[in-house]
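Just below is one structure, and these are the notes that go with it.
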Amino acid sequence: MATIDFARPTAPNQDKRWRIVESTMRRVGHHPRALIETLHTVQEAFGYLDRDALRYVAASLHVPLSRAYGVATFYHYFTLKPAGQHTCVVCTGTACYIKGANQLLGALKSMLKVEPGETTGDGKVSLLAARCLGSCGLAPAVVYDQEVAGKVSAEGLRARVAQWMSHDA
Amino acid sequence: MTVAAGIKTLKIDDRDFSARAQETILDVARQNGIFIPSLCELKGLSEVGACRLCLVEIKGSNRLFPACVTPVEEGMEVTTNSERLQRYRRSILELLFTERNHVCSVCVSNGHCEMQTLAQKLEITHVRFPYRYPKAEVDASHQRFVVDHNRCILCSRCVRVCDEIEGAHTWDLKGRGIHVRVITDLDEPWGSSETCTGCGKCVHVCPTGALFEKGRSVAEMMKRRQFLPYLTLMREDRE
Amino acid sequence: MSKLKLATVWLDGCSGCHMSLLDLDERLLAVAEKAELVYSPLVDQKIFPNGVDIALVEGAVSSEEDLDKIQMVRERTKTLVSLGDCAVTANVPGMRNPFGVRAVYARAYRENVTLEPGIPNDSVPRLLPCSRPVHEAVPIDVYVPGCPPSADTIFYVIGELLEGRPPEICAKTRFGA
Amino acid sequence: MTPEELIEIAEAEREAQSEYAHTFNVCVAAGCLSCQSQSVKDALDQEIKTHGLEHTCRTKGVGCMGLCSEGPLVSTEKGTLYKKVAASDAPELVESVEVGPVSRLVCPTDMPFFQKQKKIVLENSGVIDAERMEDYVAAGGYSGLIQALTEMTPAQVIEQVTRSGLRGRGGAGYPTGLKWSTVAKAQSTRKFAICNADEGDPGAFMDRSVLESDPHRVLEGMLIAAYAVGASEGFIYVRAEYPLAIKRLRTAIRQAERLGLLGGNICGTRFSFHIDLRLGAGAFVCGEETALIASIEGRRGTPRPRPPYPAQAGVFDEPTLINNVETYANVPMIIRNGGDWYARIGTEKSKGTKVFALAGRIQNTGLVEVPMGITLREIVFEIGGGIPDGRNFKAVQTGGPSGGCLPGQFLDMPVDYESLAKAGSIMGSGGMIVIDDSACMVDVAKYFMDFCMTESCGKCIPCRVGTYQVHELLKRITGCESTPQDMSMLQELCDLLKTTSLCGLGQSSPNPVLSTLRYFADEYKAHVEDHNCPAGVCGNGSGGAR
């Protein structure tokens, strides 16, 4: 199959992290089927997928813009908005639900005044609900930033998140 | 393979038919004037088997089969219109009516909408399930066309015709589940789309009033689809 | 044989269905021979009587008053007919539903008002959160979609009901007809 | 890599290991890691150094030992198991190699939790270091592959798998041998073997644990399968939510490539196989084969009607074999010990063992592997140690959102594919959630319907709108504001979903509702007729388990 050498689009800006994205795309020969892998790389590098990123990736992989957007919004792991400084993921898997994950989520919702998937106005904390972390043996489970905590109580949760809210870091 | 070897005989609603091996149950039914409802299927576009209205029964199986993607087989006995099928079809269409805001009386497609016509044909006099009344946008940013999400049934014909026939792939779907919407480019206003060629094919394959031309009154917004078989034929000849 | 008691009710609708009913013209006389119109916005009767045989309802259930009224009508009626798209689907009245009652009140009584803007507390019935088809409020016996159903359709439906037959309306009308 | 070289590696490794008189196996799978087991390991290392015991005593990071609720777990070469170990316990533990076990930390291993299990898939879990291939080889790893490649034809491999009676462990239980032979028969020069590691059922973590604890076993199973069906390329489709599993899989693939067990001309034969990882991105529906294929191809993970089946036209329209993690993990042992050996375990129609993730209102939560045919009672009350806090058993949920809730009357039922299906649930991938009398079953049904609604891809109408409407009905019922008509509508919509949905997600989505309607009808009745939630969970629109 003959390949047409379109001029490769250039990265949205000078940010060095685009090199990581470029190397992922190069590794897969800029094939359209590498869209999801590339989006993973972008999200890992930048924390989220913005329009510029989607436009760049779509153009580089020869994927229609609407398809790129369709894929990015189909998979809940991808986010189109930047996350807060801290993220708190409450597991809502069955085991956690049976052990009161809803109460944990409720406590955070009222404390942070946001719904799952949103970030507080000051950009400090993002609240997320996960389908299942696979830590069912430790239900109910919560992930504070990258760290998994098991058998979490509403009090412990509130205390931990309150710490984030008060710090200026 | 000789032509004779590729011929299958089958029964549809107790009548005998012969068909070419590559044909689907829906093809054979259509050729012979047997009505099977469908909304996502449109001759000339790829099939997706998504609307589930063309489900039929095949003797020997408890499962139901979408006629649009089920190829004929030798000795197949198909039932297209049992009491059970009618019940399921009505329920599916009723669900579709609850999903968005289908207000027929003030729709540009009133009188020539495939969904409205089908509802009458399936003898739906009212919808038993509660309506959702979602908030849906109307995008009139395009110079000539409008997309009204209130009336979209997500059949994806616009997506397919734009991709498969026009080759622009301006349309696609975003989100999932009940939140799916048709989008142009990066979910941007249609009018500012960089990829739309303005050909209007999407408008004319749309089964409802979700896509329409500006400035057309109800009686005028007839969808014209002659281009589809024509383009398909012309392309086949070229290949 | 005594005449059957016929009633018509007007909830949240544009009165188009009643206009279509009036379009029966001289056929109204044929109806009057078999039925007595005991209650209707078209007659001067203030209270919905007991023992109504057939009641035609136009309009969606949009306010607390609509809801009270239709429940009372249902109790006092043998055969309740949901007449027209507003009654059957909530139709145009239902188009406010995605926006919510507050936005509707604000638009009607504040944003578009120059003299003494304010939401009335009394004298206007309170809106329900959603405008709903009649069958979501009370059980319905016969559905006649259409916006409005034609005079022919209405004449046919009344005629069949007066003869005690369930009308077959699918070939005659549809949503938006 | 020749068979002889493999034996050399194994022997060298065993010799190296035997130099240590004492080994502390510290669980570093996700469960114990989240209880700070890494700091326990570090503290032990430090303590060993302090005592100058580096040449006789060592620590080893191992995979899951199963009893997650008692973590962090540490075991010794003598078979002593320590539970709830803290970093501060390190000095005492290191001294114990001289003076005997630290009794206050000992977890008895003669309890049914350990005694009643039979480990095939989890054979190495909690025993070997998942990040060292030599450890896997020393435990007999890759000998099944070598045996298949050097002594067996592909047809003979399939014959053994068919004889074993192994059925797909992803949920539906399709005979593995049959699946393999269909793909083997497909005519194409390019075929694929895929490992479905998109473990999406909420309440299931078997696959994660296997991948974290023994990744090479999965690779070996895939290699044997690829050889049998004639596949030259493979994908492991793994959840992005499992970073540790991904990391260890990447390591394992690299190691296998370096030793020539992955890549071109494996073991000097003409068989070549390449494996690539593909990360899922949070879509349950991608567990469905055709959706998984779409996702691997970089598209929205929406299923398509079958036929054609993946065995005929899968990834890039080529014949494709798809099995899940646990299915592949069974294969090396079947080849090593023969299909007949495997077929002797389990029941008439369900052979071998099954790994379950025990969770919910149960004493011993964690991972267990049991022979098929064991009763639910044995799992819940003996292995699981029963219900905590003096509460009573109410139901056990198997099969996740596609499964059902089984009440007490089924406790003595043998656990196999047919019995579970007959009772209105499914085997599923192995999540087993125990529910006690503090839970409301209508609320549980609502929970699962919420899951299916959110995870519906939106392609077909029955699933897209039907799951929404059923969820609305359940919301009304749990909100104690429903009418008796709602119940018939619920039945009708469940039937519609089951019969007319495009894929397995929609078709099985009503199962939690149907099974609770069947066995807990009185709870629905109380909500609908008396506007009362017997468990005191629902009402006033709040909802949610306590």
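The sequence lines fix the lettering, A, B, ..., with proteins before strands; numbering per chain opens at 1. The figures that follow rest on heavy atoms only: side chains count, while hydrogens, waters and symmetry mates do not.
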Interchain contact, D:Thr302 with chain B, by part (heavy-atom threshold 4.5 Å): neither
Considering only heavy atoms, which portion of B:Leu93 lies under 4.5 Å from any heavy atom of chain D: side chain, backbone, both, or neither? neither
Using a strict cut-off of less than 4.0 Å between a Lys/Arg side-chain nitrogen and an Asp/Glu carboxylate oxygen, indicate whether D:Glu492 and B:Arg128 qualify as a salt bridge. yes
Could you tell me which portion of B:Asp172 (side chain, backbone, both or neither) has an atom closer than 4.5 angstrom to a non-hydrogen atom of chain D? side chain
Part of B:Pro130 within contact of chain D (heavy atom distance under 4.5 Å): both
Pairwise side-chain contact, B:Glu74 with B:Thr9, heavy-atom cut-off 4.5 Å (strictly under): yes
Aromatic ring proximity, centroids under 6.0 angstrom, D:Phe235 and D:Tyr237: no
If the condition is side-chain hydrogen bond (donor to acceptor under 3.5 Å, both in side chains), which residues does B:Asp27 pass it with, not counting sequence neighbours? B:Thr24, B:Lys43
Can you say whether B:Leu55 sits under 4.5 Å from chain D via the side chain, the backbone, both, or neither, judging by heavy atoms? side chain
Name the option with the most non-hydrogen atom pairs under 4.5 Å to chain D; the candidates are B:Leu53, B:Ile153, B:Leu96, B:Leu64. B:Leu96
Would you say that D:Leu502 contacts D:Cys463 through its side chain, given a criterion of any heavy-atom pair below 4.5 Å between the two side chains? no
Top of D:Ser501, D:Gly466, D:Cys457 for chain B proximity - count of heavy-atom pairs under 4.5 angstrom: D:Cys457
For B:Met76 and B:Ile25, run side chain to side chain contact (heavy atoms under 4.5 Å, CB included): C-alpha distance rounded to whole Å, both residues' side-chain angles, the deciding distance at 0.1 Å, then the answer. CA-CA 10 Å; B:Met76 204 178 227; B:Ile25 296 174; 4.0 Å; yes
Who in residues 304-319 of chain D is close to chain B, using a strict under-4.5 Å heavy-atom cut-off? D:Pro305, D:Arg306, D:Tyr309
Bottom line for D:Leu493: the part with an atom under 4.5 Å from chain B's heavy atoms is side chain
Run the side chain to side chain donor-acceptor pair (under 3.5 Å) check on D:Thr290 and D:Glu288 step by step: do they pass? CA-CA 6 Å; D:Thr290 59; D:Glu288 201 276 346; 2.5 Å; yes
Taking the side chain as every heavy atom from C-beta outward, state whether B:Glu137 and B:Val147 have any pair of such atoms under 4.5 Å apart. no
Cationic N near anionic O, under 4.0 Å, B:Lys201 to B:Glu166: yes
Honestly, the part of B:Arg100 sitting under 4.5 Å from a heavy atom of chain D is neither
Before accepting this row, confirm whether a basic side-chain N of the pair B:Lys223/B:Glu114 lies closer than 4.0 Å to the acidic partner's carboxylate O. no
Segment of B:Val180 engaging chain D (4.5 angstrom heavy-atom cut-off): side chain
Is D:Glu481 salt-bridged to D:Lys475, cutoff N-O under 4.0 Å? no
Chain D contacts, top residue of B:Leu39, B:Ile92, B:Asn62, B:Thr98 (heavy-atom pairs, under 4.5 Å): B:Ile92
